[in-house]
Amino acid sequence: MDRREFVKLSSLLMAGSAIPLAGNSNLFKEKNPAKVYKVGIIGYGDRGSGMHSVMKSMPDRFVVIGICDVLPFRIENAKSKYPTGIVYYEDYSQLLNNKEIEVVLVATPLYLHFEHAKAVLESGKHLFLEKTMVFNIEQAQQLHQLSKSYPNQVLQVGHQYRYSPLYYKVKEMIQSGWLGKVTQIDARWDRNHNWRRSVPNESLERQINWRMYREYSGGLVAELLSHQIDFINWAFETVPSQIHGMGGIDHFDDGRETFDNVQVMLRYGKEGMIGNFGATCSNEYEGYAFRIKGSKGMVSLLMNEGVFYPEPEIRAELEQVDGVSGATQLVWSSDKKGVKILDHPTRDGSFYALEDFHRCLTENKLPESNVSNAGKTAIVVALANKSLYDGQTQSWEPGYNLS
């Protein structure tokens, strides 16, 4: 990079600086949200109820008027919190028959996503579909094709890091070449917990602990690592050419079928990159960790904070530019080895995603996380799980390129 480029990089990383970003500029947010959309939620577990809470913080955009769940205790919990203003359903088709509901949020177990998404589109309503988009490759292809029959309905998928100001800025850094030639990606999402939920009685085991069973769940790759996989697809505008996974039930001998310890290696042949994505349920030390390593520097990301660690030559130039421009504009990390990418933590990514969802609804725009790119992420997840369980390296095929 020449001096002019270092000045640009320094400006991007300058405290309080912002390229047009979701949540703090006009890139995603409409100027005057004029319409409040009436929402129905199908699936009221942790995610559905959590998204309801986020919507409650956005009363100028959304109001929830319908909730559906097949588990009676979840409905009772919701009623105790919201005794008025909401109609409750055990059958999602009845919720879809409610003519007042304009938008449906689907937060059901993964194996039900396609069924529920299809029904929402056929009912004429807009759809916010939680990640991972669908369970398998065929469903991704079918939903992508089906959506073309409903061009006036907005379908957004819940990969919220596509909307985070932090992650959007990192995408800009990658696209502008400020990391140099990226060759390695290291991503983890670890915990020290069995991931089980208590059940009122044994008959509800599979409904409540569906993540434990291969018939219903994509396991750790779908529930956790899909976020980081999706970001790499988005930031580099790519998909992996080869997918290889290894894993096992290595810690919890409790009847589960999905692995509690996984490592997935993705080869991005065109870009010359290797992505290492891992998760375990038996150690929480690293927690969420995401490092993108290039010849000019590395980005280290948490969910709401990030640091750019320049290579020595780049660091020296940044320090020189920073000194000339005032010596106080770059916010260096506590170890003095890196520069903070934002000078304050971001909000929950779901807020930014819903903010843009409202804009897309109002303007009939294609969401940043849509049926095409989220469908490709779902296919990567499905291929990763096939490799995990079959032990064979999987390859990307032309038919997976949804467009």
Side-chain angles (χ1 to χ4, degrees), residues 33 35-113 115-117 119-120 123 125-132 156-158 160 191 193-213 216-217 222-224 254 303-304 347-355 357-358 361:
K35 178 175 172 58
V36 177
Y37 287 91
K38 295 178 180 179
V39 180
I41 299 176
I42 302 176
Y44 207 72
D46 288 348
R47 188 58 183 164
S49 60
M51 290 293 280
H52 187 183
S53 295
V54 178
M55 287 181 172
K56 285 283 288 182
S57 73
M58 310 171 76
D60 60 338
R61 290 172 170 81
F62 301 105
V63 58
V64 174
I65 66 168
I67 291 174
C68 175
D69 202 287
V70 296
L71 295 172
F73 72 87
R74 286 184 180 159
I75 294 293
E76 292 307 313
N77 288 342
K79 285 181 178 179
S80 67
K81 192 171 183 179
Y82 306 105
T84 60
I86 295 176
V87 181
Y88 295 92
Y89 306 90
E90 292 185 10
D91 183 344
Y92 73 85
S93 64
Q94 294 177 355
L95 180 147
L96 295 180
N97 287 333
N98 184 334
K99 302 301 183 184
E100 286 191 69
I101 292 174
E102 303 163 281
V103 174
V104 177
L105 170 81
V106 171
T108 50
L110 178 57
Y111 77 105
L112 292 171
H113 278 197
E115 173 191 331
H116 292 158
V120 171
S123 74
K125 303 182 190 300
H126 302 289
L127 171 62
F128 190 104
L129 178 61
E130 271 303 329
K131 64 85 199 156
T132 301
Q156 182 166 317
V157 181
Q160 65 260 34
R191 59 185 63 196
H193 188 268
N194 64 10
W195 217 11
R196 281 195 171 277
R197 310 294 172 89
S198 60
V199 297
N201 59 71
E202 290 185 4
S203 66
L204 298 176
E205 162 64 18
R206 285 180 172 256
Q207 281 183 283
I208 293 174
N209 285 312
W210 58 273
R211 291 178 179 86
M212 306 287 104
Y213 302 98
Y216 313 122
S217 171
E223 294 300 309
L224 300 179
D254 58 0
M303 294 180 187
N304 60 357
R347 299 184 65 165
D348 181 342
S350 299
F351 174 85
Y352 303 116
L354 286 171
E355 191 173 62
F357 185 47
H358 186 276
L361 290 169

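Quick caveat: nothing in here was measured; it's all calculated off a predicted structure. Residue numbers start at 1 and run along the sequence shown.
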Legend entry - Criterion side chain to side chain contact (heavy atoms under 4.5 Å, CB included) on Met55 and Val39, from CA distance to verdict: CA-CA 9 Å; Met55 287 181 172; Val39 180; 4.0 Å; yes
Inset, instruction - Apply the test side chain to side chain contact (heavy atoms under 4.5 Å, CB included) to residues Tyr352 and Gln160: give CA-CA distance (whole Å), side-chain angles for both, the deciding distance (0.1 Å), then the verdict. - result: CA-CA 7 Å; Tyr352 303 116; Gln160 65 260 34; over 6 Å; no
Inset, instruction - Take Val106 and His116, measure what side chain to side chain contact (heavy atoms under 4.5 Å, CB included) needs, and give me the verdict at the end. - result: CA-CA 7 Å; Val106 171; His116 292 158; 3.9 Å; yes
Legend entry - Arg211/Glu223 under salt bridge (charged side-chain N to carboxylate O under 4.0 Å, His left out): CA gap, chis, key distance, verdict: CA-CA 8 Å; Arg211 291 178 179 86; Glu223 294 300 309; 3.2 Å; yes
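Taking the side chain as every heavy atom from C-beta outward, Gln207 and Leu71 approach each other to under 4.5 Å. A heavy-atom distance below 4.5 Å is not found between the side chains of Tyr89 and Ile42. Considering only heavy atoms from C-beta on, Ser350 comes within 4.5 Å of Met51 through its side chain. Contact annotation: the side chain of Ser53 approaches that of Lys81 to within less than 4.5 Å [non-hydrogen atoms, C-beta and beyond]. Contact of the Val87 side chain with the Ile65 side chain is not registered, since no non-hydrogen atoms from C-beta on lie closer than 4.5 Å. Residues Leu361 and Tyr37 form a side-chain contact, since some pair of their non-hydrogen atoms from C-beta on lies under 4.5 Å apart.
Contact detail for Val36 and Asp60: the closest heavy-atom pair is CG2-O, 3.5 Å. Nearest heavy-atom pair across Met212 and Asn194 is CE-O, 4.0 Å. A pairwise comparison of heavy atoms in Val103 and Phe357 identifies CG1-CE2, 3.5 Å as the closest pair. Minimum heavy-atom separation, Gly48 to Leu105: O-CD2, 4.4 Å. Across His193 and Trp195, no two heavy atoms sit closer than the pair ND1-N, 2.8 Å. Of all heavy-atom pairs between Ile208 and Pro200, the closest is CD1-CD, 3.6 Å.
To the nearest 0.5 Å, atoms OG (Ser93) and CG (Asn98) are separated by 12.0 Å. To the nearest 0.5 Å, atom NZ of residue Lys38 and atom CD of residue Glu102 are 6.5 Å apart. The distance from atom CG of Leu354 to atom CE of Met58, rounded to the nearest 0.5 Å, is 5.5 Å. Here the CZ atom belonging to Arg74 is positioned 8.5 Å from the OG atom belonging to Ser49, to the nearest 0.5 angstrom. Considering CG of Leu96 and SG of Cys68, their distance stands at 8.5 Å, rounded to 0.5 Å. In this structure, His113 NE2 and Leu127 CG are separated by 10.0 Å, a value rounded to the nearest 0.5 Å.
Under the ring pair (Phe, Tyr, Trp, His ring centres under 6.0 Å) criterion, the residue pairs touching residues 52-83 are Tyr44-His52, His52-Tyr82, Phe62-His358, with sequence neighbours excluded.
For the pairing with Val120, the side chain to side chain contact (heavy atoms under 4.5 Å, CB included) check across Val104, Leu129, Ile101 returns one residue only, Val104.
Panel note: side chain Arg196, backbone Asp254; a donor-acceptor pair is recorded below 3.5 Å. A side-chain donor-acceptor contact under 3.5 Å links Tyr88 to the backbone of Ala78. Judged purely by atom type and a 3.5 angstrom limit, Gln156 uses its side chain to pair as donor or acceptor with the backbone of Ala353.
A donor-acceptor contact under 3.5 angstrom links the side chains of Tyr213 and Glu205, judged on distance only. Residues Tyr92 and Glu115 have side chains that bring a donor and an acceptor to within less than 3.5 angstrom of each other. For Arg47 and Thr108, the side-chain atoms include no donor-acceptor pair closer than 3.5 Å.
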